[in-house]
Amino acid sequence: LALNPPFGEVADQFVNLLSTAGFDVTVRGDELGILWEKLAFIGPCALMTTAYRAPVGEIRAVHRDELAQVVREVAEVAASAGVTIDAANVLSRFDMIPGTMRSSMERDAAAGRAIEIEAIGGSLIRTADRASLAAPALRNVVERVRSMVVAAHS
């Protein structure tokens, strides 16, 4: 939840209600931080599963070093936008999800549908460019997915 400004007791009650219902709740004081936390997980997940046409379990087992590097680079991109992302925490989330999980981008690519490469990968690259960040692993995986789109439309 992004609570800015903090709403005190009402917010605390809402967080407790969600927690009691079984939800993991993180409260941040800024919406930008919430959006970057989501992108820091979804971006690498979507890009890696699509590039390898593989579920998360295969990505984390076979391509873990590359996954970790992409996550670190996305955290650097977020930092250039003023948001701190804990790359180790993001990577640990990959270990908690079912190995059979596939991203919606990968499922769309497999079905021949349009994918959101520019909205996800492109936005990360544009932000890296504005900050003059190299981000080689991120750039590589984005280009692999982009080339899949070009090949599919050739």
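What you see below is based on every heavy atom in this structure, not just the backbone, and it leaves out hydrogens, waters and symmetry mates.
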Leu47 and Ile117: side chain to side chain contact (heavy atoms under 4.5 Å, CB included), yes or no, with the steps?
-> CA-CA 8 Å; Leu47 294 167; Ile117 183 59; 3.5 Å; yes

Does any pair with a residue in residues 82-101 pass side chain to side chain donor-acceptor pair (under 3.5 Å), and if so which ones, sequence neighbours excluded?
-> Arg64-Asp95

Report yes if the side chains of [X] and [Y] come closer than 4.5 Å at any heavy-atom pair, otherwise no.
| X | Y | result |
| --- | --- | --- |
| Glu58 | Pro55 | yes |
| Met148 | Thr50 | yes |
| Arg102 | Thr49 | no |
| Asp108 | Glu116 | yes |
| Gln13 | Leu17 | no |

Any side-chain donor-acceptor pair under 3.5 Å between Arg130 and Thr127?
-> yes

Please report the shortest heavy-atom distance between [X] and [Y], naming the atom on each side.
| X | Y | value |
| --- | --- | --- |
| Ala40 | Val90 | O-CG1, 3.4 Å |
| Ala46 | Ser103 | CA-OG, 3.5 Å |
| Gln69 | Ala137 | CG-CB, 3.5 Å |
| Val71 | Ala87 | CG1-O, 3.5 Å |

Glu118 meets the side chain to side chain donor-acceptor pair (under 3.5 Å) criterion, sequence neighbours left out, with Arg146

What's the separation between atom [atom1] in [X] and atom [atom2] in [Y], rounded to the nearest 0.5 Å?
| X | Y | atom1 | atom2 | answer |
| --- | --- | --- | --- | --- |
| Leu124 | Leu138 | CG | CG | 5.5 Å |
| Ile34 | Leu39 | CD1 | CG | 13.0 Å |
| Arg72 | Leu67 | CZ | CG | 9.5 Å |
| Met101 | Ile59 | CE | CD1 | 11.0 Å |

Residue pairs involving residues 107-129 (criterion ring-ring contact (aromatic ring centres under 6.0 Å, His included); sequence neighbours excluded) = none

Hey, does the side chain of Ser123 reach the backbone of Ile120 with a donor-acceptor pair shorter than 3.5 angstrom?
-> yes

Asn16 backbone acceptor or donor facing Ser19 side chain under 3.5 Å | no

Could you check whether the rings of Phe41 and Phe94 sit parallel, tilted or perpendicular, using 30° and 60° as the cut-offs?
-> tilted

Name all residues meeting the side chain to side chain contact (heavy atoms under 4.5 Å, CB included) criterion together with Leu32; count only those two or more places apart in sequence or in a different chain, and write none if there are none.
-> Asp30, Trp36, Val83

Could you pull out all residues at least two apart from Arg107 that satisfy salt bridge (charged side-chain N to carboxylate O under 4.0 Å, His left out)?
-> none

Residues that Glu73 engages under salt bridge (charged side-chain N to carboxylate O under 4.0 Å, His left out), provided they are two or more places apart | none

Using a strict 4.0 Å threshold on nitrogen-to-oxygen distance, state whether Glu66 and Arg144 make a salt bridge.
-> yes

Show your working on side chain to side chain contact (heavy atoms under 4.5 Å, CB included) between Ile115 and Glu106 and close with a plain yes or no.
-> CA-CA 8 Å; Ile115 61 171; Glu106 190 276 330; over 6 Å; no

Say whether Val62 and Ile97 are linked into one hydrophobic cluster, either directly or through other cluster members, by side-chain heavy-atom distances under 4.5 angstrom.
-> no

